[in-house]
Asks: 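Dropping the structure in here first, questions after.
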Amino acid sequence: MDTTGPLAPSALAEPERPVRGGWIAAWTAALFGMYAAYYGIAQIVLPKQADELFGDGGKVSQIAWATGISALVTVVVVLLVGMLSDRTTAARGRRQIWVLAGAVVAALALAGQGLVTGALAFVAVWGLANAGISAMTAALSAAVPDEVPVNQRAFVSAFMGISVSAGPLVGVALVALVVTDVLPGYLALAGLLLVLALPYGLGTRGTRLHPHERPRASAGDFLRGIVAPLRHADFAWAWSGRFFIQLSNALAQVFLFYYLQDFLKYPDPEIGTFILTAIYAAGVCAVAIPAGRISDRTLKRKRMVWIASALQGATGLIFGFVPVFEATMVGALLLGIGYGAYAAVDQALITQVLPRPEDRGKDLGVIGIANVLPYAATGLIGGIVIEAFGYPTLMVLVLVTGLIAAATVAPIKSVQ
């Protein structure tokens, strides 16, 4: 059978055949390994390394620089890889090769991060690791509208939500309880990321983009493509909602280690971070799949996104004004419940407001900006707010940004 002619399946068509369990498992494993490595390092290993290298006088500012620069790198990479993967005509599919390449780059950089000793290298190598992770993120996100029909997308996206929560749990547990030294921690998480990326990168096939379907590519197209989807009102509102919910989430989590150490005076912040991450993961896992199934059955996405956003924001009141660890555990559970419902349903909502099938990867890269830009803002704003006003003010921002995210859902017209 001719697989390149006009009768062959088109990578630009809306998929109709449900994806099977093997594809979902491989896709989820890649996400799981990626998030385990990223959050295990960002929440435990990177702060510990900064503490060892720069001490109390420089650790917060060094983390702020590393987080900010890596987020800017991520903005460029998710857009670039999104556009390039949209134009990739590999027989195995548009996205697989980019997942594999990103995993190799990320694993090598994470291994190298454990060897750095200077401030510049600390920031630069972490930026390179984030470039590899961002390439994986761009390709794995774009695989959903490529391969998953609309009435299965919230269910599949629920596994992304579970990976975002359970992956960090495993990553944090590994480096907080098992491999507690800095360099072995980096090596263990780098290996985990690479091994779990292989089943998707080498073991799955996507619908091939045929040469006659390939969009043109130029530097001008790339620059115009950043702004073009935001001219579509529904896409712009969805982008805004994602930005503010991720900002709310980042404000609650990026400084969690120091929040426990310096605000709650918790005696073992590594174990405390693990406990809160476990509770958060339990909340996400409990609601993500049921929320996704309900959303796919009704195709009514907006109400659940609104409730989940408001609930996530409200946890800031607990974190900021009930400064005991038991209350923080309750807040972590509510944060997980809110984010679990949000992650499943909002990702499906976003795939329904993409302007053009030719640009799925690039447009989801624009959404990727809304995922990572808040972490740059959090590194800079959070450091300033903590130093000037303290942790309660930081947690008020968690509430405000969550409520703003909820408010952006109502104007979206193309989704029920």
Side-chain angles (χ1 to χ4, degrees), residues 31 35 39 141 144 150 152-169 234-235 237-253 276-277 279-319 328-353 367-368 370-371 374-375 378 395-412 414-416:
L31 289 167
Y35 288 123
Y39 283 100
S141 297
V144 174
V150 169
Q152 197 187 15
R153 285 182 190 170
F155 171 71
V156 171
S157 297
F159 289 94
M160 177 181 286
I162 291 172
S163 298
V164 172
S165 58
L169 175 63
D234 283 357
F235 185 92
W237 282 116
W239 189 96
S240 300
R242 179 62 65 88
F243 175 87
F244 282 107
I245 202 67
Q246 293 291 62
L247 182 57
S248 178
N249 207 33
L251 289 167
Q253 294 195 55
L276 295 180
T277 303
I279 294 171
Y280 172 85
V284 173
C285 294
V287 303
I289 291 177
R293 287 193 179 278
I294 292 169
S295 180
D296 281 338
R297 186 166 59 247
T298 64
L299 293 181
K300 294 181 178 180
R301 319 279 196 197
K302 292 164 60 175
R303 182 182 302 170
M304 194 172 295
V305 171
W306 186 94
I307 293 171
S309 301
L311 180 61
Q312 178 175 306
T315 61
L317 295 176
I318 298 174
F319 286 165
T328 307
M329 293 168 66
V330 174
L333 179 62
L334 294 178
L335 188 68
I337 291 171
Y339 189 77
Y342 178 90
V345 180
D346 187 70
Q347 186 66 21
L349 181 151
I350 283 173
T351 65
Q352 292 179 243
V353 299
I367 293 292
N371 286 329
Y375 285 86
T378 296
M395 297 306 171
V396 168
L397 294 180
V398 173
L399 171 64
V400 171
T401 50
L403 293 177
I404 293 173
T408 63
V409 179
I412 297 174
S414 60
V415 179
Q416 293 181 2

Asks: Show the nearest heavy-atom pair for residues A407 and P411, with the distance to one decimal.
Replies: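 Scanning both residues, the minimum pair turns out to be O-CD, 3.7 Å.
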Asks: Would a 4.5 Å heavy-atom cut-off, applied to side chains only, mark F243 and T408 as touching?
Replies: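 No - every pair of side-chain heavy atoms lies 4.5 Å or more apart.
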Asks: If you define the side chain from C-beta out and look only at heavy atoms, does anything of R153 sit under 4.5 Å from V156?
Replies: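 A side-chain contact under 4.5 Å is absent here.
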Asks: Indicate the atoms forming the closest heavy-atom contact of A288 with A344, along with that distance.
Replies: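 Here A288 and A344 meet closest at O-CB, 3.6 Å.
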Asks: Evaluate the side-chain proximity of R293 to D296: yes if any heavy-atom separation is below 4.5 Å, no if none is.
Replies: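 No. Closest side-chain heavy atoms not under 4.5 Å.
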Asks: How far does OG1 of T351 sit from CG of D346, to the nearest 0.5 angstrom?
Replies: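 Between atom OG1 of T351 and atom CG of D346 there are 9.5 Å.
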Asks: Return the set of residues passing side-chain hydrogen bond (donor to acceptor under 3.5 Å, both in side chains) with Q246 (not counting sequence neighbours), or none when no residue passes.
Replies: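 Counting only residues at least two positions away or on another chain, Q246 forms a side-chain hydrogen bond (donor to acceptor under 3.5 Å, both in side chains) with N371.
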Asks: Could you tell me which non-hydrogen atom of P168 sits nearest to which non-hydrogen atom of S163, and how far apart they are?
Replies: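 Shortest heavy-atom contact: CD-O, 3.3 Å.
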Asks: Does any non-hydrogen side-chain atom of I294 lie less than 4.5 Å from one of M304?
Replies: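 Yes. Closest side-chain heavy atoms under 4.5 Å.
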Asks: About how many Å separate OH of Y35 and CD1 of I162, when rounded to the nearest 0.5 Å?
Replies: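 The CD1 atom of I162 sits 13.0 Å away from the OH atom of Y35.
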Asks: Rounded to the nearest 0.5 Å, what separates atom OG in S141 from atom CD in Q347?
Replies: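 Here the rounded value is 5.5 Å.
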Asks: Any sub-3.5 Å donor-acceptor pair from S248's side-chain atoms to V398's backbone N or O?
Replies: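 Side chain of S248 to backbone of V398, a donor-acceptor pair under 3.5 Å: yes, one is there.
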Asks: Can you tell which of V400, L399, V396, T378 makes a side-chain contact (heavy atoms from CB on, under 4.5 Å) with L251?
Replies: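 Answer after filtering V400, L399, V396, T378: T378.
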Asks: If the condition is side-chain hydrogen bond (donor to acceptor under 3.5 Å, both in side chains), which residues does S157 pass it with, not counting sequence neighbours?
Replies: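 Here no residue qualifies.
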Asks: Starting at CG of L169, measure out to OH of Y280 and round the result to the nearest 0.5 Å.
Replies: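 Rounded to the nearest 0.5 Å, the CG-OH separation comes out at 11.5 Å.
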Asks: Applying side-chain hydrogen bond (donor to acceptor under 3.5 Å, both in side chains), can you list everything that pairs with N249, at least two apart in sequence or on another chain?
Replies: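 So N249 forms a side-chain hydrogen bond (donor to acceptor under 3.5 Å, both in side chains) with Q253.
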Asks: Tell me if the aromatic rings of W239 and F235 count as close, with their centers under 6.0 Å from one another.
Replies: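 Ring centroids of W239 and F235 are no less than 6.0 Å from each other.
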Asks: Measuring from atom CH2 of W306 to atom CG of L311, what distance do you get when rounded to the nearest 0.5 angstrom?
Replies: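 Rounded to the nearest 0.5 Å, the CH2-CG separation comes out at 10.5 Å.
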Asks: Quick check: closest heavy atoms across A291 and A341, and the distance to 0.1 Å?
Replies: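 Heavy atoms only, the tightest pair is CB-CA, 4.0 Å.
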Asks: Pick from L335, L334, T328: which one makes a side-chain contact (heavy atoms from CB on, under 4.5 Å) with I318?
Replies: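 Only one of L335, L334, T328 forms a side-chain contact (heavy atoms from CB on, under 4.5 Å) with I318, namely L334.
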Asks: Tell me, do I289 and F159 make a side-chain contact under 4.5 Å, heavy atoms counted?
Replies: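 Answer yes - side chains close enough.
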Asks: Would you call V305 and Y342 a side-chain contact if the rule is heavy atoms closer than 4.5 Å?
Replies: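 The answer is yes; the side chains approach within 4.5 Å.
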Asks: Where is the tightest heavy-atom contact between G338 and A308, given as atom of each residue plus distance?
Replies: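 Nearest heavy atoms, G338 then A308: O-CB, 3.1 Å.
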Asks: Quick one: do V164 and V284 satisfy side chain to side chain contact (heavy atoms under 4.5 Å, CB included)? Show the steps, please.
Replies: CA-CA 9 Å; V164 172; V284 173; over 6 Å; no
Asks: Measuring only between side-chain heavy atoms, which start at C-beta, is L349 closer than 4.5 Å to I412?
Replies: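 Yes, side chains in contact.
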Asks: Please give me the minimum heavy-atom distance between M329 and I279, naming the atom from each residue.
Replies: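 Looking at all heavy atoms of both residues, the closest pair is O-CG2, 3.4 Å.
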Asks: Do Q352 and R301 have side-chain atoms, one donor and one acceptor, less than 3.5 Å apart?
Replies: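 The answer is yes; a qualifying pair exists.
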